[in-house]
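Here is the structure we will look at, set down as structure tokens.
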Amino acid sequence: MSRIGFIGLGIMGSPMASHLVKAGHEVTGYTLNTEAYERLSADGGKTAASIAEAVADAEIVITMLPNHPQVEKVVLGEDGVFAHAPAGALLIDFSTIRPESSIAIAETGARAGYRVLDAPVSGGQAGAEQGVLSIMVGGDDADFAAATPIFEAVGKTFIHVGPHGAGQVVKAANQLVVGGTYALVAEAIVLMEALGVDAGKGLDVLAGGLAGSRILELKRTSMVAREFAPGFRIDLHHKDMGIVSDAARQAEVALPVSGLVASLIAAGRAQGYGSLDHSALLKVIENLNGRGA
Ligand code: NAD
């Protein structure tokens with residue numbers, strides 16, 4: 001069992017920290033949304049007043065933050081993780097950020113005596129609450145092996161996909177598939193409803209056939225009911241589609257469908273849905289068709 005400093009107790013980080021406490025780890029949390037401390041304390045974790053305090057005696061430091069500026073500030077900043085964690089500590093960054101930031105953090109960490117893994121996750125809020133996330137890990141073999149008890153506590157599928165940054169590349173691929181699936185489910189709902197067919201019943205059938213997916217399993221009822229509380233915010237998916245398009249440009253590959261999905265998600269943000277769940281892509285498709293509420 002490890003002493004863990006956990007930074008970023010949001011929609012994902014909060015349940016993940018609780019799973020680690022329940023697995024027997026000693027978890028000290030630090031976050032900006034201090035209302036999250038109630039749950040961590042109730043579950044038996046500790047809370048800290050600063051990053052320095054959270055990581056002071058940590059063997060493992062975990063970050064679960066929105067994007068690369070936050071991760072870079074928290075990890076590399078003057079009052080950050082690398083300024084205060086004990087030498088040799090292992091940083092597991094579960095955030096979704098651009099691969100080049102993960103690589104730069106790992107290189108800076110290595111020079112300062114820290115081990116680093118990029119370990120973005122998939123499975124959404126439900127996956128985090130249930131401790132069944134899919135985790136795509138970039139970094140060294142020995143560090144992946146050392147992190148296995150952590151991955152076991154929060155995830156079901158965890159795979160070492162390559163060197164530093166590779167986890168983020170796989171996560172970018174994940175996000176284009178998820179975004180594209182939501183866009184098509186939204187179109188399916190609009191089509192069925194426009195022709196007077198019960199979309200709820202229709203999607204029940206789709207979920208059991210070749211069109212079935214985890215998204216249909218988890219989200220079809222809330223989408224048909226137009227319930228869009230996050231979940232995973234459109235703003236964050238917009239950030240992820242930026243990572244996809246930068247990666248595609250860098251790799252000199254054309255991803256036309258991803259480009260279209262990125263535009264639909266950008267439209268959702270422009271239409272004021274940034275803080276809604278990404279299933280609110282349905283509203284974008286409805287608006288395109290003059291069928292919005
Ligand atoms: P969130 O906004 O709910 O949580 C982010 C947390 O970071 C907040 O608790 C905030 O207080 C904290 N934070 C921000 N800056 C900080 C700082 N300087 N110091 C300390 N804490 C700070 O976001 P989330 O939905 O939990 O997502 C976190 C990451 O996981 C993102 O990269 C996201 O893309 C990824 N992700 C989210 C989901 C999902 O379904 N929500 C699924 C997979 C991956």
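Whatever order the structure lists them in is the order used to number ligands and atoms, beginning at 1.
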Met136 versus Ser122: any side-chain heavy-atom pair under 4.5 Å?
yes
Take Arg226 and Glu193, measure what salt bridge (charged side-chain N to carboxylate O under 4.0 Å, His left out) needs, and give me the verdict at the end.
CA-CA 13 Å; Arg226 273 64 176 176; Glu193 291 183 350; 2.7 Å; yes
Closest non-hydrogen protein atom to atom 2 (O) of ligand 1, residue and atom name please, with distance?
Arg233 NH2, 2.8 Å
Salt bridge (charged side-chain N to carboxylate O under 4.0 Å, His left out) contacts touching residues 125-134 (sequence neighbours left out):
Arg39-Glu129
Pairing donors with acceptors under 3.5 angstrom, does anything connect the side chains of Glu72 and Ser101?
yes
Within the structure, is a non-hydrogen atom of Pro66 found at a distance of less than 4.0 Å from ligand 1?
yes
Assert yes or no for the condition that the ring centre distance of Tyr114 to Phe82 is strictly below 6.0 Å.
yes
Can you report which non-hydrogen protein atom sits closest to atom 30 (O) of ligand 1, along with the distance?
Met64 CE, 3.1 Å
Once salt bridge (Lys or Arg N to Asp or Glu O under 4.0 Å) is applied, do any residues pair with Asp277, and if so which ones, sequence neighbours excluded?
Lys219
Show the atoms of ligand 1 that are less than 4.0 angstrom away from any heavy atom in Val74.
17 (C), 18 (N), 19 (N)
Once the angle between the rings of Phe144 and His160 is folded into 0 to 90°, is it parallel (under 30°), tilted (30 to 60°) or perpendicular (over 60°)?
parallel
Numbered atoms and elements of ligand 1 in range of Leu9, under 4.0 angstrom, heavy atoms
9 (O)
List every atom of ligand 1 that sits less than 4.0 Å from any heavy atom of Gln125, numbering the atoms from 1 in the order shown and giving each element.
40 (O)
Is a side-chain donor-acceptor pair under 3.5 Å present for Asp118 with Ser102?
no
Atom indices of ligand 1 within 4.0 angstrom of Ile7 heavy atoms, with elements:
20 (C)
Among non-hydrogen protein atoms, atom 3 (O) of ligand 1 lies closest to Ile11 N, 2.9 Å
For atom 20 (C) of ligand 1, what is the nearest protein heavy atom, given as residue, atom name and distance?
Tyr30 CE2, 3.6 Å
Where ligand 1 meets Lys171 - atom numbers and elements under 4.0 angstrom, heavy-atom basis:
43 (C), 44 (C)
Option with minimal heavy-atom separation from atom 21 (N) of ligand 1, where the choices are Thr96, Leu32, Asn33:
Leu32
Note the single closest protein heavy atom to atom 22 (C) of ligand 1, along with its residue, its atom name and the distance in Å.
Leu65 CD2, 3.3 Å
How far is atom 41 (N) of ligand 1 from its nearest protein heavy atom, and which residue and atom is that?
Gly231 O, 3.3 Å
Evaluating non-hydrogen atoms only, which member of Ser275, Ser50, Gly10 is closest to atom 4 (O) of ligand 1?
Gly10
For atom 27 (O) of ligand 1, grab the closest protein heavy atom and report residue, atom and distance to one decimal in Å.
Leu236 CD1, 3.9 Å
Side-chain donor-acceptor contact under 3.5 Å, Asn287 with Tyr273
yes
Just by distance, with hydrogens left out, do Thr63 and Asp93 show a side-chain donor and acceptor under 3.5 Å apart?
yes
Any idea which atoms of ligand 1 are less than 4.0 Å away from a heavy-atom of Lys239?
31 (C), 32 (O), 33 (C), 34 (O)
List the closest protein heavy-atom neighbour of atom 39 (C) of ligand 1: residue, atom name, distance to the nearest 0.1 Å.
Phe232 CD1, 3.2 Å
